[in-house]
2 protein chains.
Amino acid sequence: MLPTNTAERLCKIYGILQMIKKDSGYVSSKELASMMGTTDFTIRKDISALNLVSFGRRGYHIGELSSVLGKALQLSRPYRSCIVGLGRLGSALLDYESFRGDGFDIVAGFDSNINKIERIRTQIAVYPVSELDQVVKNKSIEVGIIAVPHNSAQEVATTLVKSGVKGILNFSPAQIKVPSEVVLYNMDFTSALRFVVSQI
Amino acid sequence: MLPTNTAERLCKIYGILQMIKKDSGYVSSKELASMMGTTDFTIRKDISALNLVSFGRRGYHIGELSSVLGKALQLSRPYRSCIVGLGRLGSALLDYESFRGDGFDIVAGFDSNINKIERIRTQIAVYPVSELDQVVKNKSIEVGIIAVPHNSAQEVATTLVKSGVKGILNFSPAQIKVPSEVVLYNMDFTSALRFVVSQI
DNA sequence: GACTTATCGTGAATTTATTCACAGAAAGAG
DNA sequence: CTCTTTCTGTGAATAAATTCACGATAAGTC
Ligand SMILES: NC(=O)c1ccc[n+]([C@@H]2O[C@H](COP(=O)([O-])OP(=O)(O)OC[C@H]3O[C@@H](n4cnc5c(N)ncnc54)[C@H](O)[C@@H]3O)[C@@H](O)[C@H]2O)c1
Ligand SMILES: NC(=O)c1ccc[n+]([C@@H]2O[C@H](COP(=O)([O-])OP(=O)(O)OC[C@H]3O[C@@H](n4cnc5c(N)ncnc54)[C@H](O)[C@@H]3O)[C@@H](O)[C@H]2O)c1
């Protein structure tokens with residue numbers, strides 16, 4: 001498996017490639033490095049983990065690199081995903097159309113508040129959280145996005161895992177636990193802000 | 001200065017301490033480790049960088065550790081912050097009351113859309129983005145949170161830096177550049193989702 | 001007060017990540 | 001066709017981060 005830091009950077013590179021796809025067909029390690037705030041050797045080392053052979057003095061062919069990365073990172077097919085908790089943040093995520101183009105198919109939203117579910121206006125199907133297990137199984141949802149208050153986060157995570165979700169993106173500040181075979185990534189805004197001021 | 005990973009974990013620890021403050025007065029490296037998904041030696045090494053002396057068989061005194069961490073990470077005073085871009089995400093952030101309790105004083109919001117500014121209902125003062133420079137200077141705002149579309153992100157970042165902001169949290173997927181003395185942290189949801197599926 | 005136990009602090013060992021240095025490949029110029 | 005330039009790929013060197021091992025300390029127990 002790819003080293004963690006390498007995988008993280010490769011995901012970033014993949015995103016950049018999607019954005020610049022229309023531009024001239026090649027991109028160099030130096031250009032990528034300057035966009036990502038790292039060095040060209042790091043980029044080359046990262047990419048060299050993919051056994052891509054594309055020499056010359058023009059850099060990497062964007063289409064080719066993109067496709068190799070897509071395979072290595074398993075990004076070449078869309079992932080069925082859901083959002084749990086449709087408050088301020090969750091409903092913003094539900095409405096974010098770019099996810100589809102980025103390879104994430106948001107196919108369901110869940111909330112515990114029935115009134116909220118009735119009021120919500122969106123293309124995406126929304127359900128009471130009591131149906132989470134059933135819907136996740138029926139729709140073979142693989143990724144769960146948690147946007148509930150921190151005191152409900154563990155409970156939601158546990159249900160998601162039981163229902164068969166393979167990966168979780170957690171927006172709550174709660175420290176949740178999942179079995180080691182399930183991938184968990186935390187996006188804690190407050191921690192991020194704290195890190196920023198700690199580095200000032 | 002603290003090693004990057006250490007600083008990041010210490011911020012997380014600080015957040016945990018704030019949450020469990022009411023509980024019994026001590027917490028051990030093992031407990032922290034299990035909450036954070038790391039090991040007890042790592043926690044102890046991290047904390048040992050702070051020259052905290054607190055022996056015994058009860059672990060760390062929560063109040064004491066919290067105060068030492070607050071000093072080391074410069075978190076012991078509130079930081080004046082602003083949000084630029086009051087769309088779906090930005091307005092959710094503007095409304096997130098917990099930031100205040102977490103030591104971040106959101107004192108202004110900005111948007112380029114005048115109609116939006118008039119319609120927004122919030123306690124926090126909102127301004128057209130044309131006044132950003134002036135307001136940031138007048139209110140001595142230190143931290144900027146970017147929630148504008150990716151094609152405006154660099155422009156906003158440049159203005160924030162010119163106005164004197166010291167740290168930036170960027171929610172757009174754009175790869176923005178700032179002078180090295182300004183702290184930049186990116187929260188790219190799509191990259192995070194990609195990382196999750198790459199690890200599945 | 002001696003004994004037991006849970007926990008910390010930290011130097012040393014190990015693993016992981018980054019950086020360097022340079023050979024090799026292709027594109028373009030003359 | 002040869003020379004120059006601009007890239008990549010990668011083994012070796014360096015740096016950073018994590019893990020281990022264990023002595024030291026204080027709380028609780030008898
Ligand atoms: N809003 C922000 O800008 C912001 C910033 C930082 C962190 N967060 C975190 O993101 C999470 C969501 O924040 P928010 O502002 O959207 O909160 P919110 O209160 O607006 O929304 C939470 C939603 O979750 C629903 N909910 C509660 N328990 C549930 C359960 N067990 N199952 C399903 N749904 C449930 C509620 O009905 C509500 O609709 C929180 O953990 C918060 O700490 C939000
Ligand atoms: N909404 C989400 O859930 C989500 C998810 C992932 C990433 N993001 C990113 O977060 C950012 C904001 O997303 P959003 O969904 O809130 O977008 P949005 O379109 O709802 O809001 C963007 C806001 O920025 C304002 N704006 C545009 N240019 C500006 C400028 N130069 N100065 C000040 N304000 C300006 C617009 O008027 C609008 O109000 C985007 O970069 C998006 O890619 C959002």
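What you are looking at is a predicted structure, and each value in this text was computed from that prediction instead of being measured. Convention: sequence-line order gives letters A, B, ...; per-chain numbering from 1.
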What residues, two or more places apart in sequence or in another chain, satisfy side-chain contact (heavy atoms from CB on, under 4.5 Å) together with Arg88(B)?
Ser91(A), Ala92(A), Asp95(A)
With sequence neighbours excluded, tell me which residues meet side-chain contact (heavy atoms from CB on, under 4.5 Å) with Val161(A).
Ile168(A), Val178(A), Pro179(A), Val182(A)
Check: [Y] and [X] side chains under 4.5 Å, non-hydrogen atoms:
X	Y	result
Leu93(A)	Phe171(A)	yes
Gln18(B)	Asp102(B)	no
Ile145(A)	Leu193(B)	yes
Val148(B)	Val129(B)	no

Of the residues in [range], which ones touch DNA chain D at a heavy-atom distance under 4.0 Å?
range	value
residues 4-12 of chain B	Asn5(B), Arg9(B)
residues 28-38 of chain A	Ser28(A), Ser29(A)
residues 40-48 of chain A	Arg44(A), Lys45(A), Ser48(A)

Applying ring pair (Phe, Tyr, Trp, His ring centres under 6.0 Å) to Phe41(B) and not counting sequence neighbours gives none
Can you list everything that forms a ring pair (Phe, Tyr, Trp, His ring centres under 6.0 Å) with Phe104(B)? Sequence neighbours excluded, please.
none
Scan [range] for pairs that pass side chain to side chain donor-acceptor pair (under 3.5 Å), counting only residues two or more places apart or in two chains.
range	answer
residues 142-157 of chain A	Arg77(A)-Glu142(A), Gln154(A)-Thr158(A)
residues 106-131 of chain A	Tyr127(A)-Lys139(A)
residues 162-176 of chain B	Asp133(B)-Ser163(B), Asn170(B)-Ser172(B), Asn170(B)-Asn186(B)

Grab the [atom1]-[atom2] distance between [X] and [N] for me, whole Å please.
X	N	atom1	atom2	result
Leu50(B)	dC8(C)	CG	P	14 Å
Tyr26(A)	dG28(C)	OH	C1'	14 Å
Leu65(B)	dC8(C)	CG	C1'	12 Å

Shortest non-hydrogen separation from Thr39(A) to Ala33(A) and the atoms involved:
C-CB, 3.4 Å
Are Tyr60(A) and dG9(D) close enough that a side-chain N or O sits under 4.0 Å from OP1 or OP2?
yes
Can you check nucleotides 3-6 of chain C for protein contacts, nitrogen or oxygen pairs under 3.5 Å, and list what you find?
none

Check residues 9-17 of chain A and write down every donor-acceptor pair under 3.5 Å in which the side-chain atom is one partner and the other belongs to a residue at least two apart or another chain.
unit_1	atom_1	unit_2	atom_2	d
Arg9(A)	NE	Asp46(A)	OD2	2.5
Arg9(A)	NH2	Asp46(A)	OD1	3.0
Arg9(A)	NH2	Asp46(A)	OD2	3.3

